[in-house]
Amino acid sequence: MRLITCGLPYANGKAHIGHLRTYIPADVYVRYLRLMGEKVLFICGSDCHGTPIVVNAEKEGIEPRKLVDRYHEHFKKVFAAVGVEFDFFGRTDSDYHHEMTTNFVKRLIDNGYVYSKEIELAYCPNCKRFLPDRYVEGICPYCGAIARGDECDQGCGRYLEPGEIKEPRCKICGTKAEFRKQKHYFFKLTAFKDFLLDYLEKLKGTENALNYAKQWVRQELKDWCITRNLEWGVKFPGEDLVVYVWVDAPIGYISYTREACKEKGCDWEQIWIKGVRKEGEIRWANITHFIGLDIVYHHCIFWPAMLKAADFALPSAVVASGMVKVEGKTFSKSRGYVVWVEDDYLKAGFDPDYLRYYIVNYTSHQKDLNFSWKVFMDKVNNELIANLGNFIYRVLHFAWKNFGGDVWDLVNSDEVLDDQVVEAIEKARDEIVKALEEWEFKVASDAFMELASFGNNYFQSREPWELIKKDRGECAKVMANCLHLVKALVILSYPVLPFSMSKVADFIGLKDFSFDDVSKFEKVRVVKKPKLPFKKVEEEKIEEMERIMLERIRKAEEKEKASKSEYVTIDEFKKLDIRVGRIVKAEKIKKSRKLIRLEVDIGGEVRQIVAGIAETYEPEELVGKLVVVLTNMKPAKLMGVESQGMLLAADVDGKAVLLMPEREVPPGSKVR
RNA sequence: GCCGAGGUAGCCUAGCUGGUUGGGGCGCCUGACUCAUAAUCAGGAGGUCGGGGGUUCGAAUCCCCCCCUCGGCACCA
């Protein structure tokens, strides 16, 4: 039994075209393997833990599980709708997964690969808890931008070590966080450097994944903190901590396999523990991981090290899909360059097979894929329909109309197939088999498109529409060849186009087919009135989709503008010259209710400042006090008196309460 | 900055252990045909193979420099 997995979708948002770039090729691959007679288990499931889910659930005021329920069901629905058929689709917040993870972690501990260490972590005194990952917000010590979690994602992009972030604040309540020591657990990743170097040399898969991983391992590995301060997650044995989500998520592959095996009656330990063969230090399992480029590190480094440490067998291949672009621009949910599978694609009524074909056929699996509605329409109408669909339909329709679907009465069944037809079919099949070995799904799909093209050529050059008038027998012979081609095309393209080809298979009474049937001689008949296998994509519909996308991009731009003006960059903040000053003189401005005229020493210079604080303060009590002054405020006249600065004060029900330094400082001290 | 992957006609690409006129598909132009979802078939136009230098009898293919795009640079799910 061979295991194929897909990276677990994070149950924190809806499915978009970026997800499908991994799942659809994986599904295509599995369907091909099955047609070739391999026994395959295809599993996946939701990744349900981690801080983003907890943070978002908190924002919505619901339990994390509720949030997870929502997206878990969403993904299940979307996968079914686009024909990605997993044997099992689990979730990591299930009991079976928790049990598996706990046992796995215990094995890591028992084998001596886990140790504890005290580290300093941000702690919110208000919420009375440690702030893991995305719970902290602060200032990047390198560039001064606002940093989120342990990453300066708005500014320099650097990763921040625990304790490095300046002015940490709790993301939930906004309280200033403090650093407190706490014991955490680390996985001895460094112990696996040589092992990983060896493993990565032998691991199969796409180069984009393997090269990255090798480069990382050659540089420097660090031990890996595998615990977090959260309620939501798998409990770390004996502590009030949960295991880091990236520890428990891949273990999902194992727990889902076990559940799938319960249903299918196979042996999960055979797959994950015994493996298929041993080669030096490595015990290989027959497992292929399909993932996105963003999680190569976890699958090629953490994961094999964990498996090795826990005494499991190791995956044999990691296949990483390239990035997705939308209308030529880098994929971005926040900027509107996104195609939501359900809302944009499925609800608009497009055939899922079209998207499958586009994703598989646009370019090599490893390269960037650009999704454009215009290109989508062109590919579907000009390639899928004009070539493949047209050939199938013209053959079925012709045979049905002129022969009632059965051409065999007029054909001597032996020697009826043309050599060139047989050759073309075998060539296409061989190319597909070879392409799949290299995970080149475009090459595979090009092969059956080329066969369809051959079919059109064959049909055109034999002119059955002329033959039918002169020689029905000859015409039947040509059609026998064409029907043979249709059967081959149905089988060879079925993995990419399962919905449409199932329908076509039905027209010719083809059931339970496999690659062996591709070149096998059978008397193919049209058993029911054929219908068009594909419906054309309408130009108006595409224009509508483009409008929707443009509108979304426009809205995103507006939103970004708005949010930008809400934030102040450090440079903008630096423009403000804020200093501590000592009030040397204070008097009420006559005829005013609120204004007090002050003379403030801001370090060698005395400024006249008018402040609206008379409702809260008497002039007498102000003299001698230290206050905070914005000194480069544009001067303005109030009640005829010029104010050359502004006192900073808290607004309490419309009344000013002055900010004062917490201890004696020299006037002129800069505030920052 | 460092590392990786790329830059081949409007678009997607093959070729890259150097060797006859750089292949194919989509689009475009012309013609043919009508069984077919104006589908199909034949023919054609279109490329200084990112730029520069070098090695060689000969380079898209090897070496050097530069430019551009995308991604990664780790405890972020």
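In what follows, every chain begins at residue 1, and chains take the letters A, B, ... in the order their sequences are listed. Just so you know, these numbers use all the heavy atoms, side chains as well, and skip hydrogens, waters and symmetry mates.
Put simply, CD on A:Glu383 is 7 Å from C1' on B:G25, counting in whole angstrom units. Rounded to whole angstrom, the span from the CD atom of A:Glu207 across to the P atom of B:A5 amounts to 8 Å. Straight-line distance from the CG atom of A:Asp223 to the P atom of B:C75: 14 Å, rounded to whole Å. In this structure, A:Asn387 atom CG and B:G27 atom C1' are separated by 15 Å, rounded to whole Å. Summarising the geometry, the separation between CZ on A:Phe187 and P on B:C75 is reported as 17 Å, rounded to the nearest angstrom. A:Leu384 places its CG atom 16 Å from the C1' atom of B:U40, with the value rounded to the nearest Å. Between the CG atom of A:Asn382 and the C1' atom of B:C41 there is a distance of 16 Å, given to the nearest Å. As rounded to whole Å, 13 Å separates atom P of B:A42 from atom CD of A:Glu463.
Using a 4.0 Å cut-off between a side-chain N of Lys or Arg and a carboxylate O of Asp or Glu, A:Lys434 and A:Asp430 do not qualify as a salt bridge. Ion pairing between a basic and an acidic side chain is recognised when a charged N comes within 4.0 Å of a carboxylate O; A:Asp378 and A:Lys374 show such pairing. Remark: A:Arg91 engages A:Asp69 in a salt bridge, criterion side-chain N to carboxylate O under 4.0 Å.
By the 5.5 Å and 30° criteria, A:Phe398 is not stacked with the base of B:C35.
Among the heavy atoms of the strands lying under 4.0 Å from A:Tyr10 is at least one base atom, whether or not backbone atoms are also near. Counting any heavy atom pair closer than 4.0 Å across all strands shown, A:Ala249 reaches no nucleic acid atom. Using a 4.0 Å heavy-atom cutoff across all strands shown, A:Glu466 reaches sugar-phosphate atoms only and no base atom. Within 4.0 Å (heavy atoms only), A:Pro9 reaches no atom of the nucleic acid at all. Residue A:His49 is out of contact with every strand shown, counting any heavy-atom pair closer than 4.0 Å. Among the heavy atoms of the strands, none lies under 4.0 Å from A:Phe391. Here A:Phe459 lies in heavy-atom contact (under 4.0 Å) with a base. Nucleic acid contact for A:Lys535: none, since no nucleic acid atom lies under 4.0 Å from a heavy atom of the residue. Contacts of A:Ser461 with the nucleic acid, taken as non-hydrogen atoms under 4.0 Å apart, are absent. Residue A:Leu221 is classed as a base contact, given a heavy-atom separation below 4.0 Å to a base. Contacts of A:Trp216 with the nucleic acid, taken as non-hydrogen atoms under 4.0 Å apart, involve only primed sugar atoms and P, OP1 or OP2.
Ring geometry for A:His19 against A:His16 counts as tilted: the plane angle lies between 30° and 60°, on a 0 to 90° scale.
Proximity of the aromatic rings of A:Phe350 and A:Tyr354 is defined here by a centroid distance below 6.0 angstrom, and this criterion is not met. Remark: aromatic rings of A:Phe499 and A:Phe534 are distant, center separation not under 6.0 Å.
At a cut-off of 3.5 angstrom, counting only N and O atoms as typed in the model, there is no donor on one side facing an acceptor on the other between the side-chain of A:Gln460 and the base of B:C33.
Using atom P as the reference point in both B:C64 and B:G27, the two lie 42 Å apart (nearest Å). Going from the P atom of B:A42 to that of B:U61 covers 34 Å, rounded to whole Å. Comparing B:U21 with B:G15, their C1' atoms are spaced 16 Å from each other, to the whole Å. B:A14 sits 16 Å from B:A5 when the P atoms are compared, rounded to a whole Å. Remark: the separation of the C1' atoms in B:G18 and B:C70 is 29 Å, to the nearest Å.
Where A:Ser453 and A:His298 each meet RNA chain B at their nearest nucleotide, the meeting point lying more 5' is that of A:Ser453.
For the OP1/OP2 pair of B:A36 and a distance below 4.0 Å, the side-chain nitrogens and oxygens of A:Asn456 include no atom meeting the criterion. Look at A:Asn390 and you won't find any side-chain N or O under 4.0 angstrom from OP1 or OP2 of B:C35.
Note that A:Lys325 lies outside the cation-pi zone of A:Phe331, set by a 6.0 Å cut-off to the ring centre and a 45° limit from the axis.
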